[in-house]
Amino acid sequence: MSKAKTPEYTKFENVFKDKLVSQLLENAQKYNLPKEQLDWFKKVLEVNTMGGKCNRGMSVPDTVSLLLGKELDEEQYFMSATLGWMIELLQAFFLVSDDIMDGSITRRDQPCWYRQSGVGMIAINDAFLLESAIYLLLKQHFKTHPAYIDLVELFHEVTFQTELGQLCDLLTAPEDNVNLDNFSMEKYSYIVIYKTAYYSFYLPIAVALHYLNIATPKNLKQAHDILIPMGEYFQVQDDFLDCFGTYEQIGKHGTDIMDNKCSWIVNQALSKATPEQRQVLEKHYGRKNKEDEAVVKKLFDEMKLKEHYQEYEEKRVGEIRQMIANIDTSDGVNSAIFEAFLAKIYKRSK
Ligand code: GPP
Ligand code: MG
Ligand code: MG
Ligand code: MG
């Protein structure tokens with residue numbers, strides 16, 4: 001992962017480091033949390049919330065600024081960045097949990113939190129703490145905001161949607177029973193829309209609209225109808241990189257093949273496979289060892305799935321750009337907010 005930080009990134013990071021972490025710790029101090037546990041909570045917040053790309057979180061101030069058509073003043077920046085950090089906390093809560101469920105080894109170029117020294121299954125409670133942190137900050141900073149309850153309900157709803165997607169992801173990938181007939185692009189689409197697209201794409205823009213008090217059923221639906229396909233494309237990239245990305249690029253070791261995941265790659269492979277190729281997949285997909293994984297990767301190479309992905313990417317991005325160009329700008333949204341989000345992920349390699 002590239003470590004160079006842009007000034008915007010540093011500015012965003014500082015909101016969390018300099019203000020939000022200590023505010024969250026004060027909330028725990030109110031309940032007389034002993035020093036050792038307080039230090040643990042601080043570490044949980046810092047290790048799991050910082051160090052990512054922050055695309056989701058930074059999209060909130062970016063979107064607010066684009067909607068207002070001007071640079072944000074200090075107060076507007078702080079408030080919208082705080083909302084952005086709530087999305088990063090939601091993401092941290094999901095990632096800590098997801099890595100346990102997926103049996104992952106590394107994340108952001110470090111051992112996954114549950115694999116760090118002295119953590120283990122305490123990570124489950126840590127994930128709950130990260131979730132609680134969202135609502136502590138929301139209450140502290142937005143209790144008197146006219147959209148307070150809408151924001152609370154939005155975070156709850158998107159969390160529920162993500163859990164439904166995760167449920168489908170997990171039940172489609174049983175550890176001890178590889179059955180490729182269980183996979184289909186319809187199932188895939190459901191899984192990724194719910195486990196990724198809502199919280200990663202719809203949520204940041206919906207939060208920005210609520211912050212500005214301009215959210216309407218119509219502009220929320222317009223945002224939804226563009227951002228859900230964009231999120232689907234993003235998860236296709238995630239699946240592609242899980243298989244074909246290098247550790248240096250993505251800061252994690254892919255686990256989808258060994259985990260028997262209903263990923264984009266395996267669905268594409270199944271749609272193109274000859275009976276012989278399908279047999280190779282039946283025999284080697286979803287087995288928890290490097291040798292079987294290598295056989296599957298070799299087959300994916302032979303099937304030219306990398307090239308196929310590049311074609312998919314061009315075609316899909318063209319369609320999404322078309323949807324963006326066609327939006328109705330009479331109701332509070334504009335193309336720039338969607339273009340900016342798309343630009344952050346187009347042809348990403350990390
Ligand atoms: C990404 O899946 C989806 C999530 C991180 C949502 C998890 C939801 C929960 C309710 C815990 P992934 O496993 O492909 O992500 P990664 O490749 O980063 O592990
Ligand atoms: Mg995972
Ligand atoms: Mg997962
Ligand atoms: Mg993945």
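Values in this document were obtained by computation on a predicted structure and should not be read as measured data. Note that ligands are numbered from 1 as they come in the structure, with each ligand's atoms numbered from 1 the same way.
Inclusion of Asp99 in the first shell of the Mg ion (ligand 2) is not supported: no N, O or S atom falls under 2.8 Å. Taking 2.8 Å as the criterion, Asp102 counts as a coordinating residue of the Mg ion (ligand 2), since one of its N, O or S atoms falls below it.
Taking distance alone, with nitrogen or oxygen atoms compared against 3.5 Å, Asp239 stays at or beyond that limit from ligand 1. Considering backbone and side-chain atoms alike, Glu163 places every N or O at 3.5 Å or more from each N or O of ligand 1. Between Gln166 and ligand 1, a contact under 3.5 Å exists for no N or O pair. Between Asp98 and ligand 1, a contact under 3.5 Å exists for at least one N or O pair. For ligand 1, the polar-atom distance check finds no N/O of Thr196 at less than 3.5 Å from any of the ligand's N/O atoms.
Using a 3.5 Å distance cut-off with no hydrogens or angles, the side chains of Thr216 and Asp331 do pair a donor with an acceptor.
A 4.5 Å side-chain heavy-atom check between Tyr77 and Lys11 finds at least one atom pair inside the cut-off. Here the side chains of Leu209 and Val333 are in contact, with some heavy-atom distance below 4.5 Å.
Under a 4.0 Å N-O distance rule, the pair Lys315/Glu311 does not qualify as a salt bridge. Using a cut-off of 4.0 Å between Lys/Arg side-chain N and Asp/Glu carboxylate O, Lys221 and Asp225 are scored as salt-bridged. The pair Lys53-Glu88 fails the salt-bridge criterion, with no side-chain N (NZ, NE, NH1 or NH2) lying under 4.0 Å from an Asp/Glu carboxylate O. Between Glu307 and Lys304, no side-chain nitrogen of the basic residue sits less than 4.0 Å from a carboxylate oxygen of the acidic one, so the salt-bridge criterion is not met. Ion pairing between Glu13 and Lys5 holds under the 4.0 Å rule for side-chain N and carboxylate O.
When non-hydrogen atoms are compared, ligand 1 lies under 4.0 Å from neither the backbone nor the side chain of Gln91. With a heavy-atom cut-off of 4.0 Å, Thr159 does not touch ligand 1 at all. With a heavy-atom cut-off of 4.0 Å, Leu95 touches ligand 1 through its side chain alone. Of all the heavy atoms of Lys261, none lies under 4.0 Å from any atom of ligand 1, so neither backbone nor side chain is involved. In Asp238, the part holding a heavy atom less than 4.0 Å from any atom of ligand 1 is the side chain.
The number of heavy atoms from other shown groups lying within 6.0 Å of CD (Glu302) is above 12.
For the pairing with Lys261, the salt bridge (charged side-chain N to carboxylate O under 4.0 Å, His left out) check across Asp238, Asp102, Asp256 returns one residue only, Asp102.
Side-chain atoms of Ser22 come within 3.5 Å of backbone N or O of Lys19 as a donor-acceptor pair.
Heavy-atom contacts of Gln235 reach the following atoms of ligand 1: 14 (O) (cutoff under 4.0 Å). Heavy-atom contacts of Thr162 reach the following atoms of ligand 1: 6 (C), 8 (C) (cutoff under 4.0 Å).
Atom OD1 is the N/O/S atom of Asp98 found closest to the Mg ion (ligand 3).
For atom 13 (O) of ligand 1, the nearest non-hydrogen atom of the protein is Asp102 OD2, 2.8 Å.
Around atom 4 (C) of ligand 1, the closest heavy atom drawn from Met101, Arg107, Lys195, Arg108 belongs to Lys195.
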